[in-house]
Amino acid sequence: MSTNCIFCKIVSGEIPSQKVYSDEWVTAFRDIHPVAPTHILIVPNKHIASVNEIEPDDETRMGHMLTVARKLAEEENIYQTGYRLIVNSGPHAGQEVFHLHMHLLGGQKMRYPMG
Ligand code: 5GP
Ligand code: ZN
């Protein structure tokens, strides 16, 4: 746990959130400012600041985030219509919270172009 990290505090329950899933590896909760009908953030329970800080030991954890995304997409009924998974990393991507997270967006047609 990183002392001043808002997502570490959400994982530990110190800061409230609308949690939709948690297990020993990851926690998922609704984004406070949703930009789509479904907007969930999936985070590793371990503090990893960004994709730049991923270590080889984290591979199982990272893969598990995708398995959880798939399961939540099914629960949110966006499994068939489709959804977008986004991991922003660093300033050019607009990363605001430096605890790695995957956005799960769905429930409306996503806009293009990306980038
Ligand atoms: P980023 O731009 O870093 O990829 O996205 C950070 C996301 O975290 C934003 O979509 C923002 O709305 C969300 N967020 C920031 N603070 C909180 C919070 O305290 N609670 C929740 N649930 N979401 C947050
Ligand atoms: Zn953290």
Side-chain angles (χ1 to χ4, degrees):
M1 162 139 181
S2 177
T3 338
N4 275 324
C5 172
I6 197 158
F7 287 177
C8 279
K9 288 179 179 169
I10 284 177
V11 168
S12 71
E14 195 181 332
I15 288 179
S17 70
Q18 271 185 276
K19 278 191 187 155
V20 291
Y21 180 82
S22 71
D23 63 25
E24 63 174 313
W25 298 103
V26 305
T27 299
F29 50 93
R30 295 196 189 278
D31 196 290
I32 205 164
H33 295 127
V35 297
T38 290
H39 189 172
I40 291 170
L41 300 172
I42 303 163
V43 310
N45 294 343
K46 172 188 166 189
H47 182 83
I48 301 172
S50 77
V51 173
N52 287 0
E53 280 73 37
I54 294 173
E55 304 282 355
D57 269 6
D58 297 320
E59 271 186 20
T60 309
R61 200 182 306 271
M62 294 299 110
H64 189 55
M65 285 170 68
L66 280 170
T67 311
V68 170
R70 175 212 181 277
K71 170 190 150 54
L72 291 174
E74 205 162 8
E75 283 176 16
E76 294 281 311
N77 286 315
I78 55 174
Y79 189 72
Q80 301 293 347
T81 47
Y83 46 93
R84 184 173 285 168
L85 300 170
I86 300 171
V87 181
N88 292 319
S89 197
H92 274 188
Q95 184 179 6
E96 287 173 1
V97 178
F98 281 80
H99 179 131
L100 193 152
H101 49 281
M102 181 184 282
H103 297 254
L104 166 61
L105 295 166
Q108 69 188 22
K109 189 144 172 42
M110 296 295 135
R111 285 179 283 273
Y112 274 96
M114 289 192 284

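For ligands, and for the atoms within them, numbers begin at 1 and follow the listed sequence.
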- [ ] Flag the pair K46 and E53 as a salt bridge only when some basic side-chain nitrogen lies within less than 4.0 angstrom of an acidic carboxylate oxygen.
- [x] no
Task: Q18 to ligand 1, any heavy atom closer than 4.0 Å - done: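 Q18: no contact with ligand 1 (<4.0 Å).
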- [ ] Please state whether G94 comes within less than 4.0 angstrom of ligand 1, counting heavy atoms only.
- [x] yes
When you measure from [atom] to every protein heavy atom, which one gives the shortest distance, and what is it?
atom: atom 17 (C) of ligand 1; value: I32 CG2, 3.8 Å
atom: atom 9 (C) of ligand 1; value: D31 OD2, 3.3 Å
atom: atom 15 (C) of ligand 1; value: V97 CG2, 4.1 Å
atom: atom 20 (N) of ligand 1; value: I10 CD1, 3.6 Å
atom: atom 3 (O) of ligand 1; value: E96 N, 2.6 Å
atom: atom 22 (N) of ligand 1; value: R30 O, 2.9 Å

Task: Closest approach to the Zn ion (ligand 2) by H99, given as the N, O or S atom name - done: ND1
Task: For the Zn ion (ligand 2), the closest N/O/S atom belonging to H47 - done: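 Of the nitrogen, oxygen and sulfur atoms in H47, the Zn ion (ligand 2) lies nearest to ND1.
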Look at the side chain of [X] and the backbone N and O of [Y], then say whether any donor-acceptor pair between them is shorter than 3.5 Å.
X: Q95; Y: A49; result: yes
X: N88; Y: V97; result: no
X: N45; Y: E24; result: yes

- [ ] Step through the shown structure and confirm whether more than 12 heavy atoms of other residues, nucleotides or ligands are within 6.0 Å of CD on Q18.
- [x] no
TODO: Go through R30 and V20 one step at a time and tell me if the side-chain contact (heavy atoms from CB on, under 4.5 Å) criterion holds.
DONE: CA-CA 7 Å; R30 295 196 189 278; V20 291; 3.7 Å; yes
- [ ] Indicate yes or no: does an N/O atom of H39 lie under 3.5 Å from an N/O atom of ligand 1?
- [x] no
Open item on the list: Below the 3.5 angstrom mark, is there an N/O of H101, backbone or side chain, next to an N/O of ligand 1?
Closed with: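 N/O-N/O distance under 3.5 Å: yes.
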Task: Rounded to 10 degrees, the angle SG of C5 makes with SG of C8 at the Zn ion (ligand 2) - done: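 Rounding to the nearest 10 degrees gives 120°.
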Open item on the list: Please classify the V35 to ligand 1 contact at 4.0 Å (heavy-atom distances, strictly less than): side chain, backbone, both or neither.
Closed with: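 Neither; nothing of V35 gets under 4.0 Å from ligand 1.
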Task: ligand 1 versus F7: contacting region, heavy-atom distance under 4.0 Å - done: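 Looking at F7 and ligand 1, just side chain atoms fall under 4.0 Å.
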Task: Reported CD1-to-OH distance for the pair I40 and Y21, which is rounded to 0.5 angstrom - done: 12.5 Å
Task: Parallel, tilted or perpendicular: rings of H39 and H103 (30°, 60°) - done: tilted
Open item on the list: For atom 16 (N) of ligand 1, tell me which residue out of L100, N88, I15, I6 has the closest non-hydrogen atom.
Closed with: I6
- [ ] Please report the C-alpha distance between V68 and M65 in whole Å, then the side-chain angles of each, then the deciding distance to 0.1 Å, and finally whether the side-chain contact (heavy atoms from CB on, under 4.5 Å) criterion is met.
- [x] CA-CA 5 Å; V68 170; M65 285 170 68; 5.8 Å; no
TODO: Would you name the heavy atoms of I42 and A28 that are closest together and state the gap between them?
DONE: CG1-CB, 4.0 Å
